[in-house]
**Student:** 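This structure is in structure tokens; I'll ask about it shortly.
Below, each value reflects all heavy atoms present in this structure, side chains not excepted, and no hydrogens, waters or symmetry copies. Proteins get letters first, then strands, A, B, ... in listed order; numbering begins at 1 in each.
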Protein chains: 2
Amino acid sequence: MKTFPVLPLVPPQRVSLVVQTIQSLRAALAAGYWRETMPGERELCQTLEVSRPTLRAALIELQRAGELTSAARSRRCIVAKAASIHPSGRTVALISPMPLRRLAPNMVLMIDALRDHLGRSGWTTHMHVSRSCFTRHPDRALQELTARSPAATWLLITSVRPMQEWFLRHSLRCLVAGTCSEGIGLPSVDAAHHATGRHAGALLLRKGHRRITLVRSDENTGGDNESVRGFSAAIASEPSATLQVMSYRSRDHLVTLLDQTLRSDAPFTAYFVLRSLDVLTVITHLLRRNRHIPRDAAVVSRDGENFLDHVSPVVTRYAIDTERFGREISRLVRTVAETRTLNPRTIRLMPKFIAGETV
Amino acid sequence: MKTFPVLPLVPPQRVSLVVQTIQSLRAALAAGYWRETMPGERELCQTLEVSRPTLRAALIELQRAGELTSAARSRRCIVAKAASIHPSGRTVALISPMPLRRLAPNMVLMIDALRDHLGRSGWTTHMHVSRSCFTRHPDRALQELTARSPAATWLLITSVRPMQEWFLRHSLRCLVAGTCSEGIGLPSVDAAHHATGRHAGALLLRKGHRRITLVRSDENTGGDNESVRGFSAAIASEPSATLQVMSYRSRDHLVTLLDQTLRSDAPFTAYFVLRSLDVLTVITHLLRRNRHIPRDAAVVSRDGENFLDHVSPVVTRYAIDTERFGREISRLVRTVAETRTLNPRTIRLMPKFIAGETV
DNA sequence: TCATCTGGTCATGAAATCTAACCAAAAGAA
DNA sequence: TTCTTTTGGTTAGATTTCATGACCAGATGA
């Protein structure tokens, strides 16, 4: 019997990046990481941290090996059916309509806290960015996404009604970070928007304001409707008070609407703004039009981002504890993953009121 | 026994040839392939099939690790006991002076990208928040912290000179996210602050501004000095231009300084603000004092946070790619962990200029 | 004395890789 | 329908890594 001596001095192997990429892809394919079809090239580049030419070289090699089929202008298909023993065990998939950098800073903090907690418990999180899952007819996109990347639990961020309905209908394990639409019994963690709205309304009335504007986006996310209801209820308690709801499509549209309101004869003296980023727009625009804050116009922000501290004057707002938000979601994720039935529990966190100088 | 979960899609590891060579040499050394002394460099090159610069980099690294001794003009000697205290724990420890929610949003995004990338390569990150490590005499705090929580690599965020010196002195594996102080050779990833400053200066001069203010914090972090130097150099090229550097202690102090400047007879017509949060303060205060932007005063922000898009007018600024920033750091972390400060390399990323409406 | 070996250093060029575009077709949303 | 987004396909230029080959000065030994 011949024994092979272990070579004591082995020269470095010089595996090119393309080959390494092929190996990574093969391993994932063998593990059944994707079903049917591959993700787009650009997305793969991101996750593999590799440039597109490199990735394409690897993909083409796999095609030549017959493990993938190329289809012009549509996604590549997986040929060999892999032993689909994909351990979807401890994986949470986040679905967001935009990449992190487009989300509000507080949302990023929340996600970070969430990942941290889940990571400590041995979970991995995976973020999916897909615009088409948030449209009015998200069925196809959701079908494909959930089929392609199995996860123990799905976490919906800034989700809209059709999406939530889809998840409920397919009874996939999921939970909502933010507001769950009315009548849809998905477990969720949310800020207490109704209570916040009521508090803000009462505050402005107490300060003597009677002509009040609520500023909201025309997309219905983030519990805007609830805020509006809470705020309206508070304002309605004072018969002499008028409430105008300003619903804008874009930043520029908001500016236009503000100018219209400013031109009106009986001016509005208070603004309750739902999105903190738009508070910036409102405040800077009011200042630009020579309105004094808070003398000519009071401003209250429903969301409490950090940067509002640096506005002069400091913005009065309601701040949520992102750390806690993330922790609660992390807990709920684990509960949902363990229990078979969806427990439609809703956790509401009350934001902290931060008295600023804009009221 | 602890088992690590197998990650389904691991990005290629990009082991550089130098690192591969180090591994080959280590293996041979451990196997006792040579006695007392090493072969000559040229011979080793042949057997390892590697060029001399590459081999030498590997040898020097082994010297630094104390496994070989360098002898000028005679062969290298092998240190008897290969200590092999390679802290292969895949843990990165971040040190920050403040919790995430107090950091600039872009920094949070960067950290998130970093965690994501490292996580997929099987690393865990741990965040430490300690003010006392960022003081002028951080020795005790750092001693305690590093002793308490071992990590393969330390990542310093918004770090200051004494801290960096301490790490260099104790030759712990670390790298700097942000600016590495002058003369301290730690590997770092940073924005190209000097170039940005020069660009901004040239821009303002081209627009006809001659009395220009640079707004900076009195803490020296985030490459503020570099920005000042680059900006000054650009302004100095125009003899008729005046540059005032406004260094503030706090938000309120900044407001006071702004008011002083506004009262001066020959007004300053342009502001270059280093921190994006303070851009908010500057802009809102200028608006409050009825200055029109950009007619009375132009504002340029060195940092490019997203929320500046929502200011009216949209702020002209320089934005770094946080995703890329995090990726570069992630890569550097892995390099540093494998070799001890192999290459005290500084990576400079050029931010993208975003033309706004404030110039 | 002289050829040869040693580690140290440098300039140059080739290859691998990344970045950032642009294109046209297909798919999907409104 | 019309418009936007996404898809794979392609290219040019910059950057980084590594190899090649040369030179130097001291050490070594014939």
**Student:** Given that B:L55 and A:E43 both sit by DNA chain D, which one's nearest nucleotide is further toward the 5' end?
**Tutor:**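 Final value for this comparison: A:E43.
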**Student:** When we call it a touch if two heavy atoms are under 4.0 Å apart, what does A:R75 touch: a base, just sugar-phosphate, or nothing?
**Tutor:**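 Sugar-phosphate contact only - A:R75 comes under 4.0 Å of backbone atoms but never of a base.
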**Student:** Return whichever of A:S16 or B:G40 has its heavy-atom-nearest nucleotide of DNA chain C closer to the 5' end.
**Tutor:**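 Residue closer to the 5' terminus by nearest nucleotide: B:G40.
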**Student:** Judged by atom type as modelled, is there a donor-acceptor pair below 3.5 Å linking the side chain of B:Q164 to the main-chain atoms of B:L186?
**Tutor:**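 Not at all, since once roles are kept as given, no pair shorter than 3.5 Å links the two residues.
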**Student:** By nearest nucleotide on DNA chain C, pick out whichever of B:M38 and A:R42 is the more 5' one.
**Tutor:**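 Whichever sits nearer the 5' end wins; that is B:M38.
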**Student:** How many Å lie between CD on B:E49 and C1' on D:dT20, as a whole number?
**Tutor:**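 Rounded to whole Å, this separation is 16 Å.
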**Student:** Send over the distance from B:Q20 CD to D:dT17 C1', rounded to a whole Å.
**Tutor:** 12 Å
**Student:** Reading nucleotides 25-30 of chain C from the 5' end, what letters show protein touch, with B for base, S for backbone sugar-phosphate only, - for no heavy atom under 4.0 Å?
**Tutor:** B--SS-
**Student:** Starting at CG of B:L68, measure out to CG of B:L29 and round the result to the nearest 0.5 Å.
**Tutor:**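 If we round to the nearest 0.5 Å, B:L68:CG and B:L29:CG are 5.5 Å apart.
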**Student:** How many Å lie between CD on B:E323 and C1' on C:dT19, as a whole number?
**Tutor:**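 From B:E323 CD to C:dT19 C1': 15 Å.
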**Student:** Please name the residue in the list B:T346, B:D190, B:V189 that meets the side chain to side chain contact (heavy atoms under 4.5 Å, CB included) test with B:T179.
**Tutor:**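 When side chain to side chain contact (heavy atoms under 4.5 Å, CB included) is applied between B:T179 and each of B:T346, B:D190, B:V189, only B:D190 qualifies.
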**Student:** C:dC18 P sits how many Å from A:L44 CG, rounded?
**Tutor:**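 Going from A:L44 (CG) to C:dC18 (P), I get 14 Å.
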**Student:** Just compare C:dT17, D:dG9, D:dA19 and give me whichever is closest to any side-chain atom of A:R56.
**Tutor:**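 Out of C:dT17, D:dG9, D:dA19, the nucleotide with an atom closest to A:R56's side chain is D:dG9.
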**Student:** Do any side-chain nitrogens or oxygens of B:R324 fall under 4.0 Å of OP1 or OP2 in C:dT19?
**Tutor:**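 B:R324 to C:dT19 OP1/OP2: side-chain N or O found under 4.0 Å.
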**Student:** Just the rounded figure in Å: distance from C1' of C:dG8 to CG of B:L59.
**Tutor:** 13 Å
**Student:** Base, sugar-phosphate, or nothing for B:R76, non-hydrogen atoms under 4.0 angstrom?
**Tutor:** sugar-phosphate
**Student:** Of the nucleotides C:dT19, C:dT17, D:dC18, which has the atom closest to the B:R327 side chain?
**Tutor:**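 Closest nucleotide to the B:R327 side chain: C:dT19.
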**Student:** What contact category does A:S70 fall into here, base, sugar-phosphate, or nothing, at under 4.0 angstrom with non-hydrogen atoms?
**Tutor:**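 Result for A:S70 = nothing.
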**Student:** Return yes if some donor-acceptor pair links the side-chain N/O of A:Q63 with the main-chain N/O of A:T69 below 3.5 Å, else return no.
**Tutor:** no
**Student:** Between the side chain of A:S250 and the main-chain N/O of A:H253, is any donor-acceptor distance below 3.5 Å?
**Tutor:** yes
**Student:** Looking only at atom types and distance, does a side-chain atom of A:Q20 sit under 3.5 Å from a main-chain N or O of B:Q13, one as donor and one as acceptor?
**Tutor:** yes
**Student:** Is it true that B:T54 and B:S51 share a donor-acceptor pair across their side chains at a distance under 3.5 Å?
**Tutor:**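 Looking only at side-chain atoms, B:T54 and B:S51 do form a donor-acceptor pair, the distance falling under 3.5 Å.
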**Student:** Nearest-Å distance, CD1 (A:I60) to C1' (D:dG9)?
**Tutor:**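 Atom-to-atom, A:I60 to D:dG9, this comes out as 9 Å.
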**Student:** If we ignore hydrogens and angles and just use 3.5 Å, is the side chain of B:N106 paired with the main-chain N or O of B:G304 as donor and acceptor?
**Tutor:**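 Answer holds: yes.
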**Student:** For the pair made of CD in B:E328 and P in C:dT17, what is the distance, rounded to whole Å?
**Tutor:**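 It is 16 Å, rounded to the nearest whole Å.
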**Student:** Give a yes or no on whether a donor-acceptor pair under 3.5 Å exists between the nucleobase atoms of C:dG8, that is its base, and the side chain of B:R52.
**Tutor:**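 In this structure, the two groups form a donor-acceptor pair.
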**Student:** Step through it carefully: locate the ring centre of B:Y318, locate the ring centre of B:H199, and say whether they are under 6.0 Å apart.
**Tutor:**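 Yes: the rings meet the under 6.0 Å criterion.
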**Student:** Pick the nucleotide of DNA chain D nearest each of B:T54 and A:E41; which residue has the one closer to the 5' end?
**Tutor:** A:E41
**Student:** Would you tell me whether B:S276 and B:S301 have side-chain atoms, one donor and one acceptor, within less than 3.5 Å of each other?
**Tutor:** no
**Student:** Expressed in angstrom and rounded to an integer, what is the separation of B:L17 atom CG from D:dC18 atom P?
**Tutor:** 5 Å
**Student:** What protein N or O atoms touch nucleotides 12-14 of chain D N or O atoms at under 3.5 angstrom, if any, and at what distances?
**Tutor:**
none

